[in-house]
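Note sheet for the following structure.
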Amino acid sequence: MANVTVNKFVEICNYLQDPIHVARFQNFCGVKGTFPEKRTQPDSGQPDPDAPGLRQRVQQSADEDVGNGDISLAQVNENQEEDTTRPNGPKAAETVRAPLRRNSLTGDMGQEFLIQNKFLFYLFTFGTELGNEMFFIVFFPFLFWNIDALVSRRLIVVWAWNLFVGQSTKDMIRWSRPASPPVVKVEVFYNSEYSMPSTHAMTGTAIPFCLFMLTYGRWEYTFLFGLSVALSWSLLVCVSRVYMGMHSVLEVITGFLYSLLVLAFFQPTLDKIDNYYMTGHYAPLAIVLSHVSLGLVAFSLDSWSTSRGDTAQALGTGAGAALASHVNYQLGLLQDPPLSSLPLTLPPITTGLVLRSVLRFVIGVAVLLATRMAMKAVTIPFLCRLFGLPPDDVRRARQQMKVELPYRYIVYSVVGFVCVCFVPVLFWILNLA
């Protein structure tokens, strides 16, 4: 009986992992590939197992792109011409697009593809951006400066640990991205990372559900409203990863469930962690040692990829924000509302309130971006000189642990510290607090 259950479970997993389901969903949403013609010369079809810096299975997928293409760009153009000559005109307005960003490891721009439903393209592009760096640079500071600093601090803790667990699991399981073809790579930036589980699905689940659990009862709103927002946010991010061709259905489901498991572990301890970061006598030492140690573990699991850099970036941000929280508490700069004022209610939305919030946000983000730019400009050349590496090839230099790990930690720990400690002081000086 147990063997039958296990076999059935494996069968279901294999079914959900099949890239054909991703391709069918993309086709349903109006995404069409422009795969190249089949090769005319024989090839061994075997990827180089020693290809430096590249995933073997990713290289194999690239070979499959050429060897098993099912439709060429010329054929697509012919089909478009046929559509325009029909009495009823084309079936749908098609737009030829290329991936928005280059592959983070190879610099490859990817292949062009056709979009027949622009609304879904922009919707799922927005959904996938909810798990990218720029969103968190915007979301966490806005929440901290304008709404609730306590909630923002604790969300950063969950985000950093969630990303560490997810990215480390990727580098241990080592599954490749869905094969293309049949899948269309609408996004290629993360294509050289491993795929299982989907860390976009993990962060896209952990952040909204943790936000819901931290704010329900602390702020006045209905349970159904909060749950609906969390579910909608999570669903949009998860489905967007399938639409982008970055994950199979199984990987997205696993990321969703895995994130809930991590959240169930951390949620009961968030209050203790936050209090220790602020009040613990040895908290600064514990913060630095724990976050650096986790980064070293993540960097020892596999060769360079953006997953390691993203992990170090999240841990560095978390360390900087935690250290800033400790400094704020020790200097009496922490302004969490007293428990007697709970539950909190949104103040009346006035023109003055909106303008002050927007002004705080614009000034604060400008300071963060300037800080990040300045720290990048200083840190990478310094590390290259320190370790005797040529400073003109930044991409190659950052593929080495001795450069990438300290670079990410130094830059983003400073960004996190500035966000939580320096910018609020600046607001107080400018009478914007």
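Count residues from 1 along the sequence. All of these numbers come straight from a predicted model, not from anything done at the bench.
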* Asked: Is the shortest heavy-atom distance from the side chain of L368 to the side chain of P141 under 4.5 Å?
  -> yes
* Contact check, side chains of V22 and P182, non-hydrogen atoms, under 4.5 Å -> no
* Structure fact -> Hits for salt bridge (Lys or Arg N to Asp or Glu O under 4.0 Å) against R153, two or more places apart or cross-chain, chain-then-number order -> D274, D336
* Does S290 offer a backbone N or O that forms a donor-acceptor pair with the side chain of S293 under 3.5 Å? -> no
* Are N275 and M278 close enough that some pair of their side-chain heavy atoms sits under 4.5 Å apart? -> yes
* Asked: If you take all heavy atoms of V183 and P19, which pair is closest and at what distance?
  -> CG2-O, 3.5 Å
* Do any N or O atoms from the side chain of S259 and from the backbone of G255 form a donor-acceptor pair under 3.5 angstrom? -> no
* **Y221 side-chain N/O to Y216 backbone N/O, donor-acceptor pair under 3.5 Å** => yes
* **Evaluation steps, side-chain hydrogen bond (donor to acceptor under 3.5 Å, both in side chains), between T169 and Y258** => CA-CA 10 Å; T169 303; Y258 197 17; 2.9 Å; yes
* Which word best sums up how the rings of F209 and F256 line up, parallel for under 30°, tilted for 30 to 60°, or perpendicular for over 60°? -> perpendicular
* Asked: Are F139 and S152 close enough that some pair of their side-chain heavy atoms sits under 4.5 Å apart?
  -> no
Listed pairs under 3.5 Å, donor-acceptor, residues 224-238 side chains, sequence neighbours left out:
{"from": "S228", "atom 1": "OG", "to": "L224", "atom 2": "O", "distance (Å)": "2.7"}
{"from": "S232", "atom 1": "OG", "to": "S228", "atom 2": "O", "distance (Å)": "2.8"}
{"from": "S234", "atom 1": "OG", "to": "T205", "atom 2": "OG1", "distance (Å)": "2.9"}

* To do: Decide yes or no for C29 and N117: does some side-chain heavy atom of the first lie under 4.5 Å from some side-chain heavy atom of the second?
  => no
* **F212 ring center within less than 6.0 Å of F223 ring center** => yes
* Ring centroid separation F140 to W159 under 6.0 Å -> yes
* Asked: Nearest heavy-atom pair of L263 and C210: which atoms, and what distance?
  -> CD1-CB, 3.7 Å
* Which pairs with one or both residues in residues 215-239 pass salt bridge (Lys or Arg N to Asp or Glu O under 4.0 Å), sequence neighbours excluded? -> D148-R218
* **Minimum side-chain heavy-atom gap S357-W145 below 4.5 Å** => no
* Structure fact -> CG (L270) and CG (L214) are apart, to the nearest 0.5 Å, by 6.0 Å
* To do: Compare every heavy atom of C421 with every heavy atom of A324, then report the nearest pair and how far apart it is.
  => CB-CB, 3.7 Å
* **Pairs touching residues 253-272 that satisfy salt bridge (Lys or Arg N to Asp or Glu O under 4.0 Å), sequence neighbours left out** => R154-D271
* Could you check whether the rings of F361 and F142 sit parallel, tilted or perpendicular, using 30° and 60° as the cut-offs? => perpendicular
* NZ/NE/NH1/NH2 to OD/OE distance under 4.0 Å, E187 and R241 -> yes
* To do: Indicate, with yes or no, if the rings of Y15 and H21 have centres closer together than 6.0 Å.
  => yes
* Could you tell me whether the side chain of L211 reaches within less than 4.5 Å of the side chain of V151, counting heavy atoms only? => yes
* Does S195 reach the side chain of S176, with side-chain heavy atoms less than 4.5 Å apart? -> no
* For the side chain of Q313 and the backbone of V411, is there at least one donor-acceptor N/O pair under 3.5 Å apart? -> no
* Yes or no on side-chain contact (heavy atoms from CB on, under 4.5 Å) for V242 and E251, after CA distance, side-chain angles and deciding distance? -> CA-CA 9 Å; V242 179; E251 291 159 358; over 6 Å; no
* Asked: Just wondering, are more than 12 heavy atoms of other shown residues or ligands nearer than 6.0 Å to CZ in F382?
  -> no
* Asked: What's the verdict on side-chain hydrogen bond (donor to acceptor under 3.5 Å, both in side chains) for E129 and N132, showing C-alpha distance, side-chain angles and the deciding distance?
  -> CA-CA 5 Å; E129 286 299 323; N132 289 340; 3.1 Å; yes
* Please check if the side chain of T128 supplies one atom and the backbone of T125 the other of a donor-acceptor pair under 3.5 Å. => no
* **Short side-chain to backbone donor-acceptor contact, R177 and M246, under 3.5 Å** => yes
* Name all pairs fulfilling the salt bridge (Lys or Arg N to Asp or Glu O under 4.0 Å) condition that reach into residues 416-428, sequence neighbours left out, sorted by first residue then second. => none
* Flag yes if more than 12 heavy atoms outside F422 fall under 6.0 Å of its CZ atom; otherwise flag no. => no
* Checking side-chain contact (heavy atoms from CB on, under 4.5 Å) for the pair V288/L323: CA distance, chi angles, key distance, verdict? -> CA-CA 9 Å; V288 173; L323 289 172; 4.2 Å; yes
* Asked: What is the minimum heavy-atom distance between S198 and A201, and which atoms define it?
  -> OG-N, 3.0 Å
* Could you tell me whether a side-chain N or O of N162 sits under 3.5 Å from a main-chain N or O of V158, the two making a donor and an acceptor? => no
* Asked: Does the pair W428 and L333 meet the rule for a side-chain contact (heavy atoms from CB on, under 4.5 Å), with working shown?
  -> CA-CA 10 Å; W428 179 77; L333 301 176; over 6 Å; no
* Asked: Relative to each other, are the rings of H291 and W161 parallel, tilted or perpendicular (30° and 60° limits)?
  -> perpendicular
* Asked: Counting only heavy atoms not in N14, do more than 12 fall under 6.0 Å of its CG?
  -> yes
* Asked: How long is the gap from CG on L114 to NZ on K32, to the nearest 0.5 Å?
  -> 9.0 Å
* Got more than 12 heavy atoms from elsewhere within 6.0 Å of CZ, F28? -> no
* salt bridge (Lys or Arg N to Asp or Glu O under 4.0 Å) involving R372 - partner list, sequence neighbours excluded -> E133
* Quick check: does any side chain N or O of S168 sit under 3.5 Å from a backbone N or O of V165, one acting as donor and the other as acceptor? -> no
* Asked: Is there a donor-acceptor pair under 3.5 Å between the side chain of N328 and the backbone N or O of V420?
  -> yes
* Structure fact -> Shortest non-hydrogen pair, H247 vs P178, comes out as C-CG, 3.6 Å
* Asked: Taking the side chain from R360 and the backbone from L432, do they hold a donor-acceptor pair closer than 3.5 Å?
  -> yes
* With under 30° as parallel and over 60° as perpendicular, where do the rings of F121 and Y243 fit, or are they tilted in between? -> tilted
* Do you know which two heavy atoms are closest between K376 and Y407, and how far apart they sit? -> CE-OH, 2.9 Å
* **Derivation of the side-chain contact (heavy atoms from CB on, under 4.5 Å) call for L163 and M202** => CA-CA 8 Å; L163 200 57; M202 290 186 68; over 6 Å; no
